[in-house]
Structures are given as structure tokens and as C-alpha cells.
Amino acid sequence: MSPNNNLSDKDIREALKKYLLSKPTPPQVVVDELSVHNGNAIADIVALDKYAHCFEIKSDKDTLSRLSRQISFYDFTFKKNTLVTTEKYLLKAESLIPDYWGILLAKRTNSVKIVNYRNAKINRNWNAEKALLTLWKSELLEVDSRLSSGKSPRSNSRAQIAKKIVDDTCSRLVQKSFFEILADRFETKYQPFEITKYCL
């Protein structure tokens, strides 16, 4: 833990993982630093459960200068997003993030405590084609083989394969496969789930 009152990314990250895994129904897997949208952003923590849920950390030692840009990439990629920050940035962050983003507040007591400040809502800006660009080419080809009538040539670019998948498939199945392929990547024995009415 940092020696002063300032909370670092490491302080918050460790506490956040404990918080997520201590829930009555914890995520099936918690992923550190997932590159999204062709590497345009790196999500600090992603919890895989019914949805892929991004948690973006802004510690006392960070700035909010990149947050507006990050929001657009995370909105394209994840069905839910939550900012995890401290009292230092809470008011400013509230003015920057959309009202459907959740907020978790990190506080120092004897240890670092994570407090729920605002629940995340379903993000309606999720974009199937852009979300698929989080996947490796081999993963995209696997999704294509599962969902499409004809397989993409291996010579196609990732963007071409992603577009074909979206053109051939309803977004509910794209979202389900996106989740399952990420779970496979991290060797998670995920439980099949029913796409809810909230999926696009």
C-alpha cells in the first residue's frame, strides 16, 4: 500500500479484485488490462459474467485527461462500464462520464475499501463490429465459423472478418459469442447464459 494518503493504481486494483470476487455472485473471471479496439485503449479490469463489464481506474496519482477518449472506446466494447476513483476526482469525474456509467469509490481506512457510489446501467452505445476488434484474428475466425453460413478466408483482415460476422448475425448472438470467446481465451469454464431483453 502507498505510504501516504494517496491511493495508487496498485492499491485500488488489488482492493477492486477482492471486492468483485467477494460478491454473492462473483464474476466468472476477472481480467487485468485487456486491449480493446485494435489497441486504442486498455481496460484496467474486465469482469466476465452475464456481460463483459469494464472497470476503469483513476487513482490519486492519475489524471482525467484521457478519460473522455477512453469512454468512447469502452462504450463501443463493453455492455457495462464503471469508473473506480477516489474522493479527489469524484466530482470532476461525475461531470465527465455518462450517467449510465457506474462509479465505485476507493477509500483508505485500515486498508483500501471499495464503496458502491452509483450502479452501472446497460450501455446502449455498444457496437458489435467495434467490440469484435478486441478479439484476435484466430478468435474472430472461430466466431465466424460458429455463426456465419460461409467461413471467411484466412487472408481477410480482422476488420473484414468482424464486418462479415455482424452482417451475417444478429447482435444478440454476436454479444454472446464475444463473451464466450473471451472466456475461452482466459481458460474459464463459463456457464452458458440466456441473452436478456436488455441486449441490443
Side-chain angles (χ1 to χ4, degrees), residues 1-2 5-23 26-108 111-135 175 178-179 181-183 185-186 188 198 200:
M1 185 181 296
S2 299
N5 288 329
N6 287 332
L7 291 174
S8 69
D9 180 285
K10 181 180 178 182
D11 295 332
I12 297 173
R13 189 179 296 262
E14 291 174 355
L16 176 60
K17 289 179 184 178
K18 290 177 183 177
Y19 171 84
L20 293 173
L21 294 173
S22 68
K23 285 180 169 292
Q28 295 182 36
V29 66
V30 175
V31 178
D32 268 295
E33 301 201 338
L34 180 65
S35 177
V36 302
H37 200 275
N38 280 329
N40 282 304
I42 298 177
D44 286 324
I45 297 287
V46 177
L48 296 175
D49 199 29
K50 180 180 287 188
Y51 303 107
H53 188 157
C54 169
F55 294 85
E56 176 62 21
I57 297 170
K58 294 299 181 187
S59 74
D60 287 324
K61 299 183 178 182
D62 292 323
T63 71
L64 301 183
S65 60
R66 295 183 299 127
L67 183 56
S68 295
R69 183 172 183 270
Q70 290 170 315
I71 286 169
S72 63
F73 292 123
Y74 298 151
D75 272 2
F76 288 146
T77 306
F78 302 106
K79 293 294 287 187
K80 284 189 175 182
N81 293 286
T82 292
L83 180 71
V84 189
T85 192
T86 66
E87 294 279 4
K88 176 180 178 180
Y89 286 129
L90 178 60
L91 291 179
K92 186 175 181 181
E94 277 190 282
S95 69
L96 292 175
I97 63 174
D99 59 6
Y100 50 85
W101 273 51
I103 300 175
L104 292 176
L105 197 59
K107 296 183 175 183
R108 186 187 296 282
S111 57
V112 180
K113 184 179 181 181
I114 302 294
V115 178
N116 185 29
Y117 183 84
R118 187 171 85 190
N119 289 325
K121 300 175 184 177
I122 296 297
N123 159 38
R124 300 292 180 180
N125 295 316
W126 183 79
N127 182 290
E129 191 170 333
K130 292 177 179 178
L132 286 172
L133 294 178
T134 298
L135 302 181
Q175 190 215 332
F178 174 75
F179 169 91
I181 288 290
L182 280 179
R185 181 193 294 183
F186 297 102
T188 304
Y198 297 109
L200 296 176

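Using a 4.5 Å heavy-atom threshold, the side chains of K80 and I122 count as touching. When side chains are defined from C-beta on, K130 does not count as touching F73, because their heavy atoms never get closer than 4.5 Å. When side chains are defined from C-beta on, K61 does not count as touching D9, because their heavy atoms never get closer than 4.5 Å. A heavy-atom distance below 4.5 Å is not found between the side chains of L133 and F76. Looking at D44 and L16, their side chains never come closer than 4.5 Å, going by heavy atoms from C-beta outward. The side-chain heavy atoms of L96 and L83, taken from C-beta on, include no pair separated by under 4.5 Å. Under the 4.5 Å side-chain criterion, counting only non-hydrogen atoms from C-beta, K58 is in contact with Q70. Side-chain contact between I12 and T86: present, with at least one pair of heavy atoms (C-beta onward) separated by less than 4.5 Å.
Annotation for Y100: atom OH counts as buried by contact number, over 12 foreign heavy atoms lying within 6.0 Å. More than 12 heavy-atom neighbours from other residues, nucleotides or ligands sit within 6.0 angstrom of NZ on K88.
The heavy-atom pair separating F78 from N123 by the smallest distance is O-ND2, 2.8 Å. In terms of heavy-atom proximity, N119 sits nearest to N116 at OD1-ND2, 2.7 Å. Considering all non-hydrogen atoms of both residues, F178 and A52 come closest at CE2-CB, 4.1 Å. Counting all heavy atoms, side chain and backbone alike, L48 lies closest to F179 at C-CE1, 3.7 Å. The two residues N81 and A120 have their closest heavy-atom pair at O-CB, 3.5 Å. Summarising the geometry of S59 relative to S8, their closest heavy-atom pair is CB-C, 3.5 Å, with the distance given to 0.1 Å.
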Show your reasoning for whether side chain to side chain contact (heavy atoms under 4.5 Å, CB included) applies to R185 and L34. CA-CA 11 Å; R185 181 193 294 183; L34 180 65; 3.5 Å; yes
Taking it one step at a time, do F55 and V30 satisfy side chain to side chain contact (heavy atoms under 4.5 Å, CB included)? CA-CA 10 Å; F55 294 85; V30 175; over 6 Å; no
If you apply the rule salt bridge (charged side-chain N to carboxylate O under 4.0 Å, His left out), what do you find for E33 with R13, and how did you get there? CA-CA 11 Å; E33 301 201 338; R13 189 179 296 262; 3.6 Å; yes
Audit row: I103, I97, side chain to side chain contact (heavy atoms under 4.5 Å, CB included) steps and yes/no: CA-CA 9 Å; I103 300 175; I97 63 174; 3.6 Å; yes
Steps toward side chain to side chain contact (heavy atoms under 4.5 Å, CB included) verdict (L104, V115): CA-CA 6 Å; L104 292 176; V115 178; over 6 Å; no
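Judged by distance alone, with hydrogens and angles left aside, the side-chain atoms of T85 form no donor-acceptor pair with the main-chain N or O of L90 at under 3.5 Å. Although no hydrogens or angles enter the test, the distance criterion places a donor-acceptor pair under 3.5 Å between the side chain of N127 and the main chain of E129. The backbone N or O of I42 sits less than 3.5 Å from a side-chain atom of Y74, completing a donor-acceptor pair. Between the Y89 side chain and the D62 main chain, a donor and an acceptor come within less than 3.5 Å of each other.
Side-chain contact check for D75 and S72: no donor-acceptor pair (N or O, by modelled atom type) lies under 3.5 Å.
Atom CD of residue Q28 and atom CZ of residue F186 lie 14.0 Å apart, to the nearest 0.5 angstrom. Put simply, CG on L132 and NE2 on H37 are 11.0 Å apart, with the number rounded to the nearest 0.5 Å. Summarising the geometry, atom NE2 belonging to H53 is positioned 11.5 Å from atom CD1 belonging to I45; distances are rounded to the nearest 0.5 Å. Atoms NZ and NZ, from K79 and K121 in turn, are 15.0 Å apart once rounded to the nearest 0.5 Å. Put simply, CD1 on I114 and CG on L105 are 8.0 Å apart, with the number rounded to the nearest 0.5 Å. L67 contributes atom CG, which lies 7.0 Å from atom CD of E56 (distance to the nearest 0.5 angstrom).
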